[in-house]
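Both counts, for ligands and for their atoms, begin at 1 and track the order of listing.
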Amino acid sequence: MTVPNVTLNNGVEMPQLGYGVFQVPNDETEAAVTAALEAGYRSIDTAKLYGNEEGVGAALARSGIARDELFVTTKLWNDDQGYDSALRAFDASLSRLGLEYLDLYLIHWPTPERGRYVDTWRAFEKLLADGRVRAVGVSNFQPDHLRRVIDETGTVPAVNQVELHPYLTQEAVRAADAGHGIATEAWSPLAKGGDLLAEEAVTAVASRHGRTPAQVVLRWHLQLGNVVIPKSVTPSRIRENIEIFDFELSDEDVAALSELDRGLRTGPDPDAFN
Ligand SMILES: NC(=O)c1ccc[n+]([C@@H]2O[C@H](COP(=O)([O-])OP(=O)(O)OC[C@H]3O[C@@H](n4cnc5c(N)ncnc54)[C@H](OP(=O)(O)O)[C@@H]3O)[C@@H](O)[C@H]2O)c1
């Protein structure tokens, strides 16, 4: 399957579907990412926190796929917030990945209590200006955090990666992102694969389309315009999750999944997490 791109606000093209490796142990990551690359994924989402940047890099190197066909994202961890520490953290991540440049670098969490995300963002501006990264963005930023970095630096993030799935549709964040021209990327797009995939609203849409629950949830994201990065270490699911570009949900199907919204987070609240 060919994955369509979205065009970020600086003109860089990013695949609308990527492969996430949260909680994949480093020594299992090379095999998992290799399976994803074989299935056709070209965008990989990791983070310093995940401890598996080396495993990602090993799979990329072994794949023989041209660097410019790949889209690699990693994230700056909270302890590395600040201007100089962010520059050092970037160098260390790039070296663990074995890459000469990165496609997308994200501030993992705003951690408002630390009060450093604007300084960190200034380091990201430098990395971008120096050509070390093709696009810079943020993760878990609420609308007021977005406004602050934009007001104080004038540089608009290319991406805001947030928890987003039918239990947490994030209308306010999606509207703020769209208002600034920021692409919304959904983490835990399957709500971690638990109860959501057994919801009757989901299984009914799935059986109507002859698809799996995960496929219709991922399709819901695509039709809302979200970038998605489902994680699986199961080869059959890795393939299943990319086979979503040859069918379409009706407006009613999309609405039925959106109605599952109950503001349910599987992860921390960005305003409180430090
Ligand atoms: N920025 C952030 O703060 C942040 C936070 C969390 C996650 N993320 C990123 O988002 C990515 C995805 O989020 P996530 O890993 O938390 O959750 P997710 O992708 O919503 O769900 C992953 C879970 O769903 C299962 N699964 C995957 N495909 C399935 C399918 N087709 N049918 C049934 N079950 C399926 C997986 O099981 P198996 O693996 O056992 O197959 C795994 O347990 C992460 O890997 C990471 O890259 C970012």
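Glu243 places no side-chain N or O within donor-acceptor distance of the main-chain N or O of Arg211, the cut-off being under 3.5 Å.
By the criterion of a heavy-atom distance under 4.0 Å, neither the backbone nor the side chain of Val24 is placed next to ligand 1. Contact annotation: for Thr266 versus ligand 1, there are no heavy atoms closer than 4.0 Å. Neither the backbone nor the side chain of Leu106 comes within 4.0 Å of ligand 1, counting heavy atoms alone. The part of Glu240 lying near ligand 1 is the side chain, judged by heavy-atom distances below 4.0 Å. Heavy atoms from both the backbone and the side chain of Pro189 come within less than 4.0 Å of ligand 1. Residue contacts with ligand 1 for Ser139 involve side-chain atoms from C-beta outward but no N, CA, C or O (heavy atoms, distance under 4.0 Å).
With no hydrogens or angles considered, a side-chain donor-acceptor pair links Gln223 and Arg219 at under 3.5 Å. With 3.5 Å as the limit, one finds a donor-acceptor pair spanning the side chains of Thr184 and Asp177. Side-chain atoms of Asp271 and Gln142 form a donor-acceptor pair, as typed in the model, at a separation below 3.5 Å. Donor-acceptor pairing under 3.5 Å is lacking for the side chains of Lys48 and Ser93. Using modelled atom types, one finds a donor on one side chain and an acceptor on the other under 3.5 Å when comparing His209 with Asp253. Glu125 and Thr155 share a donor-acceptor pair across their side chains, judged by distance under 3.5 Å alone. One side chain, Thr46 or Asn52, offers a donor N or O that lies under 3.5 Å from an acceptor on the other. Defined by atom type and a distance below 3.5 Å, a donor-acceptor pair is missing between the side-chain atoms of Asn26 and Thr29. With 3.5 Å as the limit, one finds no donor-acceptor pair spanning the side chains of Lys126 and Tyr83. Checking Thr7 against Glu13 by side-chain atom types alone, a donor-acceptor pair falls below 3.5 Å. Judged by distance alone, the side chains of Trp187 and Asn140 do bring a donor and an acceptor atom under 3.5 Å apart.
Residues Arg116 and Thr111 form no side-chain contact, since every pair of their non-hydrogen atoms from C-beta on lies 4.5 Å or further apart.
Close contacts between ligand 1 and Gly20 involve ligand atoms 45 (O), 47 (O) [criterion: under 4.0 Å to a heavy atom]. For ligand 1 and Ala191, the ligand atoms under 4.0 Å from any heavy atom of the residue are 20 (O). Residue Ala214 approaches ligand 1 through these ligand atoms, each under 4.0 Å from one of its heavy atoms: 30 (C), 31 (N), 32 (N). For ligand 1, the atoms lying closer than 4.0 Å to a non-hydrogen atom of His108 are 1 (N), 2 (C), 3 (O). Per-residue contacts place Gly193 under 4.0 angstrom from the following atoms of ligand 1 (heavy atoms of the residue considered): 21 (O), 24 (O). The ligand atoms of ligand 1 that sit less than 4.0 angstrom from a heavy atom of Asp45 are 9 (C), 46 (C), 47 (O). Atoms of ligand 1 found under 4.0 Å from any heavy atom of Trp109, numbered from 1 in the order shown, are 3 (O). Residue Pro230 approaches ligand 1 through these ligand atoms, each under 4.0 Å from one of its heavy atoms: 19 (O).
A salt bridge is defined here as a Lys NZ or Arg NE, NH1 or NH2 lying under 4.0 Å from an Asp or Glu carboxylate O, and Arg88 with Asp80 fails to meet this definition.
In this structure, atom 12 (C) of ligand 1 lies nearest to the protein heavy atom Ile229 O, 3.1 Å. Here the protein heavy atom with the shortest distance to atom 3 (O) of ligand 1 is Asn140 ND2, 2.9 Å. The protein heavy atom nearest to atom 44 (C) of ligand 1 is Phe22 CB, 3.3 Å. Residue, atom and distance of the protein heavy atom nearest to atom 34 (N) of ligand 1 are Arg237 CZ, 3.4 Å. Taking atom 6 (C) of ligand 1 as the reference point, the nearest protein heavy-atom neighbour is Trp187 CE3, 3.1 Å. Nearest protein heavy-atom contact of atom 14 (P) of ligand 1 is Ser188 OG, 3.5 Å. Scanning the protein for heavy atoms near atom 43 (O) of ligand 1, the closest one is Lys192 O, 3.9 Å. Looking at atom 27 (C) of ligand 1, its nearest protein heavy atom turns out to be Lys231 O, 3.1 Å.
For ligand 1, the polar-atom distance check finds an N/O of Leu190 within less than 3.5 Å of one of the ligand's N/O atoms.
Heavy-atom distances between Tyr50 and ligand 1 reach below 4.0 Å in at least one pair. The shell of residues lying under 4.0 angstrom from ligand 1, judged by heavy atoms, excludes Thr212. Within the structure, the closest approach of Gly267 to ligand 1 does not fall below 4.0 Å when heavy atoms are considered.
A cation-pi arrangement, defined by a distance under 6.0 Å to the six-membered ring centre and an angle within 45 degrees of its axis, is absent between Arg134 and Tyr101.
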